[in-house]
Amino acid sequence: MKREKTDVLVIGGGAAGMACALSAAKEGVYVTLLERESSVGGVLNQCIHNGFGLQFYHQELTGPEFASRLIDDMNMENVKIISQSYVRDIDVRKRVAQVLSPDGAYEIQAGALVISTGARERPFGSLLIPGDRPAGVMPAGVAQRYVNLENRIPARKAMILGSGDIGLIMARRLTLEGVEVVSVLERMSYPGGLTRNIVQCLEDFDIPLHLSTTVTGISGDGRLRSVEISKVDENFTPVPGTSRTIDVDALILSAGLLPQVEDFSDDLEVDPMNRGFLVSNTCESSIEGVFAAGNNVAIFDLVDYVAAEGWIAGRHAALFSRGVNTSGDRVPVFRGKNISILVPGIVDMEEHLRLYIRLRKPMEKGLVVLKELKIEKKFSYGVPSEMIQLVVNRDKLQPLMNYGKLTVEVQ
């Protein structure tokens, strides 16, 4: 087994992990990045549509272009990348990882650790849909990989369950490849994806979106033949007399993402609402010297946000590895009314505060209120699918020490 030391060890080579590695390396420390696939980039590699990088690079890029920019920058900073790596064991408190790869086995001692494991798609089994279990039912990310990376067409006639962004994007992508997309179903009374994707991926291609509707049955012998769909009430209970059967040979699932935290949740505190790691605005977790960034903290709506948080995590991890104490006084963040996703969960007085907020339900207009700081931000037409971001300069955070907390609510 090869025994190595590194200043910063980054686990996961998606947008957050790459931005983190680059940021840390720019601080002058030695960085090792572990990636389980044959190349870094994560889901960016299969997102061939544009819309990435507008905030991070101030340029509109496709997913592969965004990844390529980060890879080129990492190479210039001599970041060590171990691809096809498997973390067999890790002691997060001692920051020691045992890693297997085609190049051999490693034991890596790190000065600071950053976990950027991203998210996974909600599996079919969690949806509890009765009926057969034929081929042709797949997550939207799998369908995207088939089409964009493997040049395979997974269906002739498809239905998409869930109006998350990747499902909307695949509705357009499959249509462009000649697949008949009969409709997109959403059990909520409002869409789950960004407004721009509703317009560009569905309305521009005349693909119907049925709200308050879900799949209540599946039929197929070997291959999917048909699905039963029904309207649902406010409790998501099927409405009697509304069911109908539609012939399709593929059901594409866009039922949401889950932060990938299972391998570390016994050691690191998890926010029960976000379902991701609890972190401060320095991206430090509940264990000193261990940082987390990206979709394993919460599900962000923009890759640019993910990369920005990775950049912050990398800088603070690098400073920690050099023995520089960048942590200040801290106070917890509490959710007030109308808040679901909220990042971060802790405010560190030595770093600017970047708040990311998802609403519990759509609102025509509203007011984000930081109660103890007496800061307010108006918004018009807020929806749960689109995050509200609010940045507070660290010079304005000191009043929180008098209250010992920050409460965020929407009025």
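As a basis for the values below, the full set of heavy atoms in this structure was taken, side chains included, without hydrogen atoms, waters or symmetry mates.
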Chi angles and distances behind the side chain to side chain contact (heavy atoms under 4.5 Å, CB included) call for I388, V410
CA-CA 11 Å; I388 298 171; V410 173; 5.5 Å; no

Show which side-chain atoms of residues 191-200 pair as donor or acceptor with protein atoms under 3.5 Å away, not counting sequence neighbours.
| from | atom 1 | to | atom 2 | distance (Å) |
| --- | --- | --- | --- | --- |
| T195 | OG1 | E386 | OE2 | 2.8 |
| N197 | ND2 | D165 | OD1 | 2.8 |

Residues in side chain to side chain contact (heavy atoms under 4.5 Å, CB included) with R330, at least two apart?
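Listed in chain order: S280, T282, E284, S327, I346, D348.
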
Partners passing side chain to side chain contact (heavy atoms under 4.5 Å, CB included) against L100 (at least two apart in sequence or in another chain):
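Scan of L100 (side chain to side chain contact (heavy atoms under 4.5 Å, CB included), adjacent residues dropped) gives Y86, R88, A105.
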
Just by distance, do the side chain of [X] and the backbone of [Y] share a donor-acceptor pair under 3.5 Å?
| X | Y | result |
| --- | --- | --- |
| T214 | R187 | no |
| N295 | A119 | no |
| N338 | E409 | no |
| R358 | S385 | yes |
| D329 | M349 | no |
| E372 | T407 | yes |
| H352 | N393 | no |
| R354 | V391 | no |
| S23 | G314 | no |
| E77 | V79 | no |

With a sphere of 6.0 Å drawn around [atom1] of [X], does it hold more than 12 non-hydrogen atoms of other residues, nucleotides or ligands?
| X | atom1 | answer |
| --- | --- | --- |
| K371 | NZ | no |
| D89 | CG | yes |
| M273 | CE | yes |
| R223 | CZ | yes |
| K2 | NZ | yes |

Take F379 and L359 through the side chain to side chain contact (heavy atoms under 4.5 Å, CB included) test and state the conclusion after the steps.
CA-CA 11 Å; F379 65 86; L359 303 177; 3.9 Å; yes

Rounded to the nearest 0.5 Å, how far apart are [atom1] of [X] and [atom2] of [Y]?
| X | Y | atom1 | atom2 | result |
| --- | --- | --- | --- | --- |
| E4 | I82 | CD | CD1 | 6.0 Å |
| L268 | N296 | CG | CG | 9.5 Å |
| R122 | L253 | CZ | CG | 11.0 Å |
| S85 | E37 | OG | CD | 10.0 Å |
| R315 | F320 | CZ | CZ | 15.0 Å |
| R360 | I341 | CZ | CD1 | 9.5 Å |

Smallest separation among heavy atoms of [X] and [Y], with atom names:
| X | Y | answer |
| --- | --- | --- |
| V343 | A298 | CG2-CB, 3.5 Å |
| V29 | A318 | CG2-CB, 3.7 Å |
| A171 | T175 | O-OG1, 2.7 Å |
| F334 | L342 | O-CD2, 4.1 Å |
| K378 | L367 | CG-CD1, 3.4 Å |
| M363 | Q411 | CE-O, 3.9 Å |

Please list all pairs passing the salt bridge (charged side-chain N to carboxylate O under 4.0 Å, His left out) test where one or both residues lie in residues 261-273, with sequence neighbours left out.
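As it turns out, the salt bridge (charged side-chain N to carboxylate O under 4.0 Å, His left out) pairs with a partner in residues 261-273, which skip direct neighbours, are R93-D267, R120-E262, D271-R335.
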
Side chains of [X] and [Y] in contact at under 4.5 Å (non-hydrogen atoms):
| X | Y | answer |
| --- | --- | --- |
| I108 | L34 | yes |
| L355 | V368 | no |
| S101 | Y106 | yes |
| T213 | E186 | no |
| L168 | R172 | no |
| M74 | V31 | no |

All salt bridge (charged side-chain N to carboxylate O under 4.0 Å, His left out) counterparts of D73, not counting sequence neighbours
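Residues passing salt bridge (charged side-chain N to carboxylate O under 4.0 Å, His left out) with D73: none at all.
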
Got a sec, which residues hit salt bridge (charged side-chain N to carboxylate O under 4.0 Å, His left out) with E376, two or more places apart in sequence or on another chain?
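Once residues adjacent in sequence are excluded, E376 has no partner under the salt bridge (charged side-chain N to carboxylate O under 4.0 Å, His left out) criterion.
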
So which pairs with a foot in residues 181-220 pass ring pair (Phe, Tyr, Trp, His ring centres under 6.0 Å), sequence neighbours left out?
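Residue pairs passing ring pair (Phe, Tyr, Trp, His ring centres under 6.0 Å), neighbours aside: none found.
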
Show me the side-chain donor-acceptor pairs of residues 38-56 shorter than 3.5 Å, one per line, residues at least two apart or across chains.
| from | atom 1 | to | atom 2 | distance (Å) |
| --- | --- | --- | --- | --- |
| N45 | ND2 | V40 | O | 3.1 |
| Q46 | NE2 | G141 | O | 2.9 |
| Q46 | NE2 | Q144 | OE1 | 3.0 |

Donor-acceptor contacts under 3.5 Å from residues 176-185 side chains, at least two apart:
| from | atom 1 | to | atom 2 | distance (Å) |
| --- | --- | --- | --- | --- |
| E177 | OE2 | R173 | NH1 | 2.7 |
| E177 | OE2 | R173 | NH2 | 3.4 |

Would you call E150-R145 a salt bridge at under 4.0 Å N-O?
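Answer for the salt bridge query: yes.
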
Give every donor-acceptor pair under 3.5 Å between a side-chain atom in residues 6-21 and any protein atom, sequence neighbours left out.
| from | atom 1 | to | atom 2 | distance (Å) |
| --- | --- | --- | --- | --- |
| T6 | OG1 | V8 | O | 3.4 |
| T6 | OG1 | Y30 | O | 3.1 |
| T6 | OG1 | T32 | N | 3.4 |
| T6 | OG1 | T32 | OG1 | 3.1 |
| D7 | OD2 | Y30 | N | 2.7 |

What residue pairs, at least two apart or across chains, pass side chain to side chain donor-acceptor pair (under 3.5 Å) with a residue in residues 123-141?
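For residues 123-141: none.
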
Test log, rule side chain to side chain contact (heavy atoms under 4.5 Å, CB included), inputs I207 and I160:
CA-CA 11 Å; I207 299 171; I160 296 177; over 6 Å; no

Donor-acceptor contacts under 3.5 Å from residues 225-232 side chains, at least two apart:
| from | atom 1 | to | atom 2 | distance (Å) |
| --- | --- | --- | --- | --- |
| E228 | OE1 | T216 | OG1 | 2.7 |
| S230 | OG | T216 | OG1 | 3.1 |
| K231 | NZ | L211 | O | 3.0 |

Go through the steps to decide whether V297 and E309 satisfy the test side chain to side chain contact (heavy atoms under 4.5 Å, CB included), and finish with yes or no.
CA-CA 10 Å; V297 171; E309 290 302 293; over 6 Å; no

